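Proteins come first, then strands; the chains are lettered A, B, ... in the order of their sequence lines, and each starts at number 1. Since we're looking at a predicted model, the values are computed, not measured.
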There are 2 protein chains.
Amino acid sequence: MKLEQATIKDIARELQVSSSTVSRALKDYPGISDETKRKVKEMAEKLNYRPNAIALSLRKSRSFTIGVIIPEVVHFFFSTVISGIEEVAFSRGYNVILTQTNEKLTREKSSIDTMLSNQIDGFLVSYSKETTEFSHFSKLLDQGYPIVFFDRVPEIQNAIHVIVDDYAGAYEATKHLIQQGFSRIVHLAGPSNLKISKERSRGYSDALRDHGIPFLPELLVECTQGTDEEAHKITTKLLQSLSPRPDAFFANNDLAAVGAMMACKAAGYAVPNEIGVVGFSNWQFCSIVDPSLSSVAQNGFRIGATATEILLDWIEKKINLEDIQTSVVLATELLVRKSSVRIQNT
Amino acid sequence: MKLEQATIKDIARELQVSSSTVSRALKDYPGISDETKRKVKEMAEKLNYRPNAIALSLRKSRSFTIGVIIPEVVHFFFSTVISGIEEVAFSRGYNVILTQTNEKLTREKSSIDTMLSNQIDGFLVSYSKETTEFSHFSKLLDQGYPIVFFDRVPEIQNAIHVIVDDYAGAYEATKHLIQQGFSRIVHLAGPSNLKISKERSRGYSDALRDHGIPFLPELLVECTQGTDEEAHKITTKLLQSLSPRPDAFFANNDLAAVGAMMACKAAGYAVPNEIGVVGFSNWQFCSIVDPSLSSVAQNGFRIGATATEILLDWIEKKINLEDIQTSVVLATELLVRKSSVRIQNT
DNA sequence: ATCGTTACCGCAATCGTGTGCATAAATTTT
DNA sequence: AAAATTTATGCACACGATTGCGGTAACGAT
């Protein structure tokens, strides 16, 4: 069935030379005559020779492959990160092997196992929501295994990670709402066990404080799921129960923001004139919802690309571990669209 | 730095037995005493032994890895497919190595090369828009290399592929619009060199014909980009130039549908009461735009899962090539939301 | 005492490639 | 012409795991 791939030995047999000569000729080693090199290369071409990367991996104990572990692929942010990873890995001659954990810890661990078996050169990880204990990572780090975390990063000593400035992003978003004249601003927060959620909440409350608006606990609501339905329900309830009613929503993610926006519209409020809304992540759909959704952009592509650059530098020992700053924080950018900008009444 | 992984030899040395004995003991071969097996397994545990998949691949010329080649990762449909692929591959003990071509032919070819070097067991491919000639695939197929195509499938003899029933989906969508009382239905078509676009256009025109509505060439407009901006422009122009104006839009993809919808709203028409809109693909945002967008769902997860099942069966020789139907067509489902259902006037 | 049987286990080759060392031939130096 | 050096190539082993074949000891049977 499957046609055998030509090997170095085949070339050697064909040309009546040793396989070591072939190996060296192909790599333009000194000490091989030009004549031989030419012949070898011709024959390699003719037999459609392709070096066996597996054999090479075995020999060098290097696979030129990096493992990516993420919660889920079908997610605008993560797929963007993957794209950045893939781009850099490809350009530097590495393969990417990918697994999604579906937010399961067991899956995370078994993925690590199979990847280790496959002698991958390093990991890029955003861990699952179930992961609360990080010994399976720290064990590897102690062995000197390169791991770069992104987005969701563990609180391990010296764990290298790439994140965005969630605090600043949330601060800017909140400040923007305040400057638009909103003052009873609800924050639909993410699960409080994730560091990113905490940072965003902190940015929210600091912005309030810095602008002389008191922080009210009843305006900070945790959305554990982060779906639009959940946000819709919560928002509807808040609009009824709070008095005076909230006049703006800053959500931990865009889906929740849309849910909140829908709920506001359903309750008869005009967005943005009566209620302002800002999301977080700048998902694709931000510009096509009505009104278009202001959001804090986190450049997933850059996160992936940066994390990969660091990982590969580490793998190739281009950098000393001591010289790496453990935390790379990328800037966020507030993209102001219609959902948060009050239309001037003339 | 990186701690050496324990090998079979390490266990052998520690226990003063040969490595063959260790290998056999670990696999519960007959002819090894229970005592030895116990000791070997204990030592393996103690040394944290992990089989070297690379060495195994070399020995067996099998890598238990499949290669996935897609145009781009950041795309709702494709990321869903990846998810399906990953799920099945994982459950059957295979790794997934991923590359995106960014719609470039050269990238497609070089990805194939590096994957071949890595001795992957088979390919899952959706080819790039630049690819018009398929010899780099057919060459591999001739060598008996397993390749399963999905979504975008080439017209090669005997190429196995998994697609959705674009024709039926488009037919149903058009029929639905007709049944809602729309009759001047515009089709915003995709690039005509892709088979999927052609199929969808065919479904559109056949549905018209079967319901006694004449097919008008001016109502079939090709959107080469498929973006919302492009659709917005085209729609705006059509609304002005055509008389009587179109009363419905069936788009080749959801983004274009949203663009059309926006344009209708901007021109002062009510969706769905004055103008109906239906998209194709059922992207995530369909349910959160306003009004929610009716769309033809193509189950990306199932496409990925099915394609992977077929590929792995093929690889494992569970099926004969002759027994595989070259074309697996999955059903589409029209999801009716608000954008296409006229609200009854009481 | 010899043979046959069984139970355990080791030797050595293999997968494809890379590389230190040895070797032979060709060339230059003395 | 002999010695020294350069040039070109091959041998053998390593990477880690698997496996056909053969070996050895113990035991029982004759």
Taking 4.0 Å as the cut-off, does a side-chain nitrogen or oxygen of S18(A) come that near to OP1 or OP2 on dG10(D)? yes
Within the structure shown, what part of the strands sits under 4.0 Å from P30(A) by heavy-atom distance: base, sugar-phosphate, or nothing? nothing
Quiz question: by atom type and distance under 3.5 Å, do the side chains of T131(B) and S128(B) form a donor-acceptor pair? yes
Which whole-number value in Å describes the distance from L26(B) CG to dT19(D) P? 13 Å
In whole Å, I'd like the distance from the CG atom of L58(B) to the C1' atom of dT19(D). 15 Å
Reckon S57(A) touches a base, only the sugar-phosphate, or nothing at all at heavy-atom distances under 4.0 Å? nothing
Answer with base, sugar-phosphate or nothing: what part of the nucleic acid does Q16(A) contact at a heavy-atom distance below 4.0 Å? sugar-phosphate
Distance, rounded to the nearest Å, where D28(A) contributes CG and dT9(D) contributes C1': 16 Å
Quickly work out the L56(A) CG to dA14(D) C1' distance and round it to whole Å. 14 Å
Can you check whether Y49(B) has a side-chain N or O nearer than 4.0 Å to OP1 or OP2 of dG16(D)? no
Look at S33(A) and dT9(D) and indicate whether a side-chain polar atom (N or O) is within less than 4.0 Å of OP1 or OP2. yes
Kindly say if T21(A) contacts the phosphate of dG10(D), meaning a side-chain N or O under 4.0 Å from OP1 or OP2. yes
Check whether any side-chain N or O of K9(A) sits under 4.0 Å from OP1 or OP2 of dC15(C), and answer yes or no. yes
State whether S23(A) places a side-chain N or O below 4.0 Å from either non-bridging phosphate oxygen (OP1 or OP2) of dG18(C). yes
Within this structure, what is the CZ-to-P distance between R24(A) and dA12(D), rounded to whole angstrom? 14 Å
Whole-Å distance, Y29(B) OH to dT18(D) C1', equals 7 Å
Name the nucleic acid region contacted by S20(B), choosing base, sugar-phosphate or nothing; use a 4.0 angstrom heavy-atom cut-off, strictly under. base
Between K27(A) and dT17(C), does any side-chain N or O lie under 4.0 Å from OP1 or OP2? no
T36(A) and S33(A): side-chain donor and acceptor closer than 3.5 Å? yes
K37(B) side chain near Y29(B) side chain, heavy-atom distance below 4.5 Å: no
Rounded to whole Å, how long is the line connecting atom CZ of R38(A) with atom P of dA8(D)? 15 Å
Please report the distance, rounded to the nearest Å, between CD1 in I54(A) and C1' in dG18(C). 16 Å
Looking at every strand, decide which applies to V17(A) at a 4.0 Å heavy-atom threshold: base, sugar-phosphate, or nothing. sugar-phosphate
Given DNA chain C, 5'-ward residue of the pair T36(B) and K60(B), judged by closest heavy atom: T36(B)
Under 4.0 Å between any heavy atoms, over every strand shown, what does S19(A) touch: base, sugar-phosphate, or nothing? Just pick one. nothing
Do S20(A) and S23(A) meet the criterion of a side-chain donor-acceptor pair at a distance under 3.5 Å? no
Just checking, any donor-acceptor pair under 3.5 angstrom between side chains of N48(A) and Q5(A)? no
Nearest of dT9(D), dC9(C), dT17(C) to any side-chain atom of I32(A)? dT9(D)
Show the nearest heavy-atom pair for residues S79(B) and V73(A), with the distance to one decimal. O-CG1, 3.6 Å
